[in-house]
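Just below is one structure, and these are the notes that go with it.
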Amino acid sequence: MATGHAEIAGAGFAGLVAAIALADRGWSVRVHERTPFLRAEGFALTIHGNGVKVLKALGVFEAAVEGAMRISRLETRNVRNETTLALTPASALYRISRQHLIATLAAAAEQRGVEVLVDSPVVSAKPDGQLVLENGQVCKADLVIGAEGVNSRVRDAIGVRVSRIVLQAGGACRMVIPRSAAEKALEPGDAAVNYEYWSGTRRVIANPCSRDELYLALSCQDSDVSGKQIPLDVPSWQKAFPHLSAVMERVGRDTDWERVLWARFLIIQLSRWSAGRVAIIGDASHAMPPDLGQGGGTAMMNALALAVALAESADVAFGLSLWEQRERPLTEHTQRLARIYNHSTLWPERLRTGVFKFVGRTAFLREQVQRTANHIPRGYTDEGGCHVSRPHG
């Protein structure tokens with residue numbers, strides 16, 4: 001069983017999950033966050049079945065989903081507001097506040113003795129187990145983890161080859177606005193439908209992330225100047241989605257625009273996920289467009305699996321190799337499907353509608369779309385405490 005001291009760069013979902021999972025397996029852990037306080041980019045995220053199981057494995061599920069909304073159905077709709085694809089999840093999934101999840105994970109890490117340092121930017125790392133801070137301090141460790149996102153300095157310092165693909169289908173801005181009384185009356189409980197509306201090369205994702213807040217993501221091509229304008233060009237979006245005209249008016253009026261940015265979609269793939277004693281996780285290793293809602297879920301799942309692989313290995317090098325061999329195939333499957341889904345933004349409306357309906361009627365294709373969400377992460381045990389049997393690979 002490999003154990004020792006770990007230094008982690010980045011206190012996002014991947015970094016904090018790795019910290020908790022390692023601490024649970026006997027590691028001492030220190031996490032470095034470059035910002036003056038712990039914060040999450042964006043407003044809300046979807047936690048599918050695989051992410052739910054990770055949170056349960058860490059013992060933080062109940063705290064993490066407190067106040068969240070359960071998603072009872074996933075629907076895509078065309079410009080005429082007609083349903084083109086409807087999926088009922090095989091297991092519960094949630095729309096949850098990103099900031100709340102970060103706070104929950106940070107509290108759980110600190111309860112386990114993890115040291116979380118804010119305002120501690122990392123500038124470099126060395127494969128022999130050194131993490132270099134901006135103030136010149138060199139932190140030596142048995143394991144170093146780079147989890148600082150797409151612009152990871154740890155990753156760029158250790159010599160792995162990085163493939164960075166900026167997607168033609170563009171990007172998105174995200175926001176949260178108050179739910180209307182009519183919306184609360186239509187879905188009065190803690191469960192709601194996740195709607196994804198399409199119009200040409202624009203999309204709107206709308207789903208409550210709490211009883212009082214509505215989360216929205218507005219997506220368009222990078223060349224769509226009026227579409228990516230911040231603050232929102234309300235008339236332009238009302239023209240694209242006439243049936244959402246009232247919602248767009250509220251978005252323009254109620255959004256805190258100082259917190260909103262338009263971000264490009266991209267895919268990151270590495271020649272390898274580790275070098276020496278350094279592992280790269282989360283967006284730093286396998287960023288993907290948010291089309292399957294699996295960026296955060298996959299990051300957390302791989303972070304937990306990293307700790308499991310090390311616990312099963314005699315040394316760090318073997319554990320990191322085992323971890324990548326096990327987890328990379330599913331991660332790349334998820335990236336491929338997310339890229340295909342993202343590219344459908346560029347398809348003609350009739351083709352996209354036809355493909356979505358065909359997927360809805362075809363069991364094999366539905367299984368492929370939901371494969372990651374239905375995956376049983378390594379390290380998960382059922383509620384009775386028994387390890388869940390699962391296939392290798």
Side-chain angles (χ1 to χ4, degrees), residues 13 40-52 55 64-79 81-101 171-199 202-220 232 237 240-241 243-252 254-256 259-260 263 265 289-297 338 341-342 345 356 360 369-370 372-373:
F13 304 130
E41 297 292 342
F43 294 90
L45 80 161
T46 302
I47 300 294
H48 290 265
N50 58 318
V52 167
L55 297 177
V65 300
E66 183 178 356
M69 293 293 288
R70 184 171 58 84
I71 299 175
S72 59
R73 192 168 71 257
L74 303 164
E75 283 194 17
T76 64
R77 296 190 173 191
N78 61 22
V79 69
N81 201 23
E82 300 166 338
T83 299
T84 56
L85 177 63
L87 295 174
T88 300
S91 58
L93 62 148
Y94 298 83
R95 180 78 74 180
I96 184 173
S97 161
R98 285 176 176 261
Q99 194 60 51
H100 174 69
L101 182 55
C173 62
R174 302 166 176 88
M175 67 282 295
V176 169
I177 62 173
R179 292 180 76 192
S180 67
E183 288 164 346
K184 291 180 182 180
L186 185 63
E187 295 176 315
D190 62 353
V193 178
N194 183 89
Y195 293 104
E196 185 172 6
Y197 302 95
W198 296 72
S199 177
R202 291 187 182 183
R203 274 186 292 169
V204 174
I205 296 173
N207 176 239
C209 58
S210 72
R211 288 184 175 86
D212 298 319
E213 294 179 312
L214 179 67
Y215 167 79
L216 297 110
L218 278 59
S219 172
C220 65
L232 192 71
W237 282 89
F241 298 92
H243 53 287
L244 299 179
S245 183
V247 174
M248 294 302 164
E249 183 177 346
R250 289 162 53 204
V251 168
D254 297 337
T255 298
D256 179 0
R259 297 182 60 199
V260 175
F265 295 149
D291 298 87
L292 296 182
Q294 279 294 344
Y341 196 118
N342 180 265
T345 302
F356 284 2
V369 171
Q370 297 183 299
T372 309

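Below, all heavy atoms of this structure are taken into account, side chains as well, without hydrogens, waters or symmetry copies.
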Nearest heavy atoms of V79 and A240, plus distance in Å: CG2-O, 3.8 Å
Aromatic plane relationship, W198 with F356 - under 30° parallel, 30 to 60° tilted, over 60° perpendicular: perpendicular
From R179 atom CZ to L186 atom CG, the distance as rounded to the nearest 0.5 Å: 8.5 Å
Close side-chain approach of M175 and D254, heavy atoms under 4.5 Å: no
Nearest-0.5 Å distance, CG of residue N194 to OG1 of residue T76: 10.5 Å
Nearest atoms (heavy-atom pairs only) where G296 meets L45: CA-CD1, 4.3 Å
Smallest separation among heavy atoms of C209 and A44, with atom names: CB-CB, 3.9 Å
Donor-acceptor contact present, side-chain T83 to main-chain R77, <3.5 Å: no
pair R211-K184: side-chain heavy atoms closer than 4.5 Å: no
Minimal non-hydrogen separation, G171 against S219, with atom names: O-OG, 3.0 Å
Minimum heavy-atom distance A217-R174, with the two atoms named: CB-CG, 4.0 Å
Heavy-atom check, side chain of D212 versus side chain of P178, under 4.5 Å: no
Check: L55 and L101 side chains under 4.5 Å, non-hydrogen atoms: yes
From Q370 atom CD to L93 atom CG, the distance as rounded to the nearest 0.5 Å: 9.0 Å
Spacing of Y94 atom OH and T46 atom OG1 [to the nearest 0.5 Å]: 13.0 Å
Sidechain-backbone polar pair: E183 side chain, S180 backbone, donor-acceptor under 3.5 Å: yes
Heavy-atom pair of closest approach, residues F265 and P290: CE2-CD, 3.4 Å
Over 12 non-hydrogen atoms of neighbours within 6.0 angstrom of CD in E66: no
Side-chain heavy-atom pair T255, L232 within 4.5 angstrom cut-off: no
Parallel, tilted or perpendicular: ring planes of F241 versus W237, cut at 30 and 60 degrees: parallel
Rounded distance (nearest 0.5 Å) linking atom NE2 of H243 with atom CE of M248: 8.5 Å
Enclosure of E187 CD (heavy-atom neighbours >12, cutoff 6.0 Å): yes
Beyond-backbone contact of M69 with Y215, side-chain heavy atoms, under 4.5 angstrom: no
Contact check, side chains of V204 and L216, non-hydrogen atoms, under 4.5 Å: yes
Criterion side chain to side chain contact (heavy atoms under 4.5 Å, CB included) on N50 and Q294, from CA distance to verdict: CA-CA 9 Å; N50 58 318; Q294 279 294 344; 3.0 Å; yes
Point-to-point distance, once rounded to the nearest 0.5 Å, from CD1 of I205 to OH of Y195: 14.5 Å
